[in-house]
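See structure below.
Residue numbers begin at 1 in each chain, while the letters A, B, ... track the order of the sequences.
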There are 2 protein chains.
Amino acid sequence: MNLFRQQLESTFKLSSMADNYNVLELNIGLGNNNNSKVGGHAGQSPRQRCPAPFLLKTYELLEELSENEKDSTKIVSWNAEGTGFVVWSPAEFSELTLPRYFKHNNFSSFIRQLNTYGFKKISSKKWEFKHEKFQRGCRHILGEITRKKCEPSVFPAYLKSSSEENNATSSMEENNDHHQLLMEENKNLKKERLELQMQIDECKTLEMKLLECLSQFMDSHQNKVRRLC
Amino acid sequence: MNLFRQQLESTFKLSSMADNYNVLELNIGLGNNNNSKVGGHAGQSPRQRCPAPFLLKTYELLEELSENEKDSTKIVSWNAEGTGFVVWSPAEFSELTLPRYFKHNNFSSFIRQLNTYGFKKISSKKWEFKHEKFQRGCRHILGEITRKKCEPSVFPAYLKSSSEENNATSSMEENNDHHQLLMEENKNLKKERLELQMQIDECKTLEMKLLECLSQFMDSHQNKVRRLC
DNA sequence: GGGAATATTCCC
DNA sequence: GGGAATATTCCC
């Protein structure tokens, strides 16, 4: 009875796929923004850092929804050249898309964030936005996009005071870089641990169910056999 | 074979439950806080203003949930005197209550807000909080509760660290200590991860075996039944 | 318990 | 489009 086995296996696969937790899922790998501590120095090439959650989510949203459906039902997509994106249907975008990625469903809050990160609306007729560093296939440069600051705070706090003495500063800097990396790795490890533990919990639950299954199945067949004798 | 089928289905449900919670539910009617514009003048009696959304929501939550159920199932309530409130079950409070009133389900974020508004935890054993101006039946003085301000201090944040001389060395030392701790934690986390992954592997193997078992058992019994007929 | 960053809201 | 307040998160 292979059909049965298939059923079991599909059950097995389904439950180990961990497709539950829509909300949790999206947070994974989006929470670790260590932007705050990394200071860019004028004249240096832009330091790569972990992109802001907002940018990552917006990028992923485009990756996930851009190819969907026919043009007529498209809610949001990259523009033809991949140099920007278009919200084709603000209403559906607000109602359906935003709450899947953010903690709200307000188009204006989304726009506010775009402005914060320096995106430009490039047409008065369409909701099309561009940012030099936000393009299709270029996830790796998202980290170069920064929030517009109201403060002149370019240096991290602990470097500002001693920005003249370069010896001390540069070794401090290295130290701090390492420190940052460590903390980031640490955080990710903890998140991973949680995920692994959740996987284990799922596994255990499934095992219990399988065992129950097995035992009940045995009982019922025992009875059948007995009746047939 | 309905029993079996039921079991399979219940197993399946386990994985499809995906009960994403309603983040958007409660934005209604709490958004209009005009606090920003009203300046308090020193020496004047406290000016009444529109309470912060956080305070209103917390107050309403207490009004709505405090009377519910018997004591044994209470999640959160005013304390006996109405001078503060108690979160009896932080787990349920986080999972069920918070997302109904706020855009998150994190107990620590709720606590952070309480601290911001000057609430005090008044017992190390219970999650009981008080604020002089936050009492049962006194919705009208909520407007007098203000956020603790992070002083628009004389120094900008980035100058603060240099306002004393001792910290150059001591902060270095602290840094190193912290560094050591981080590295240690990191190492342990990696070890833990390995162990967890091994556990998962074991689980998977066991699951496979159970499945095999089940299918072979079924095959053989099918044959038995057939022979007996 | 709180500093500080990002997110969301509100208002001009 | 952006200033500024509150909310939420992250870290110490």
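- For the segment residues 110-119 of chain B, residues with any heavy atom less than 4.0 angstrom from an atom of DNA chain D are, sorted by number, B/R112, B/Q113, B/Y117.
- Take A/Q113 and apply the side chain to side chain contact (heavy atoms under 4.5 Å, CB included) test, not counting sequence neighbours, and it matches A/F54, A/T116, A/Y117, A/R147.
- Here A/S89 pairs with A/E92 under the side chain to side chain donor-acceptor pair (under 3.5 Å) rule; sequence neighbours left out.
- Every residue two or more places apart in sequence or in another chain that forms a ring pair (Phe, Tyr, Trp, His ring centres under 6.0 Å) with B/F129 is listed here: B/F85.
- Summarising the geometry, the separation between NZ on B/K57 and C1' on D/dT8 is reported as 11 Å, rounded to the nearest angstrom.
- For the OP1/OP2 pair of D/dA7 and a distance below 4.0 Å, the side-chain nitrogens and oxygens of A/K103 include no atom meeting the criterion.
- Rounded to a whole Å, the CZ atom of A/R147 is 13 Å from the C1' atom of D/dG3.
- Side-chain atoms of B/S109 lie closest to D/dT8 of the nucleotides C/dG2, C/dA7, D/dT8.
- The list of salt bridge (charged side-chain N to carboxylate O under 4.0 Å, His left out) pairs with a residue in residues 117-128 of chain B, not counting sequence neighbours, reads B/K126-B/E128.
- Between B/K148 atom NZ and C/dA4 atom P there is a gap of 15 Å when expressed in whole angstrom units.
- Phosphate contact (OP1/OP2 of C/dG1, side-chain N/O of B/K121, threshold under 4.0 Å): absent.
- In this structure, the CG atom of A/L56 is 13 Å from the C1' atom of C/dT6, given to the nearest Å.
- Residues satisfying the side chain to side chain contact (heavy atoms under 4.5 Å, CB included) test with A/E132, not counting sequence neighbours, are none.
- For the pair A/E60 and A/R139, the salt-bridge criterion is met [side-chain N within less than 4.0 Å of a carboxylate O].
- You'll find the ring centres of B/F110 and B/W127 outside the 6.0 Å limit.
- Summarising the geometry, the separation between NE2 on A/H104 and P on D/dT8 is reported as 13 Å, rounded to the nearest angstrom.
- Between the CG atom of B/L98 and the C1' atom of D/dT9 there is a distance of 14 Å, rounded to whole Å.
- Atom CD1 in A/I145 sits roughly 18 Å away from atom C1' in C/dA5 (whole-Å rounding).
- Atom CG in A/N106 sits roughly 19 Å away from atom P in D/dT6 (whole-Å rounding).
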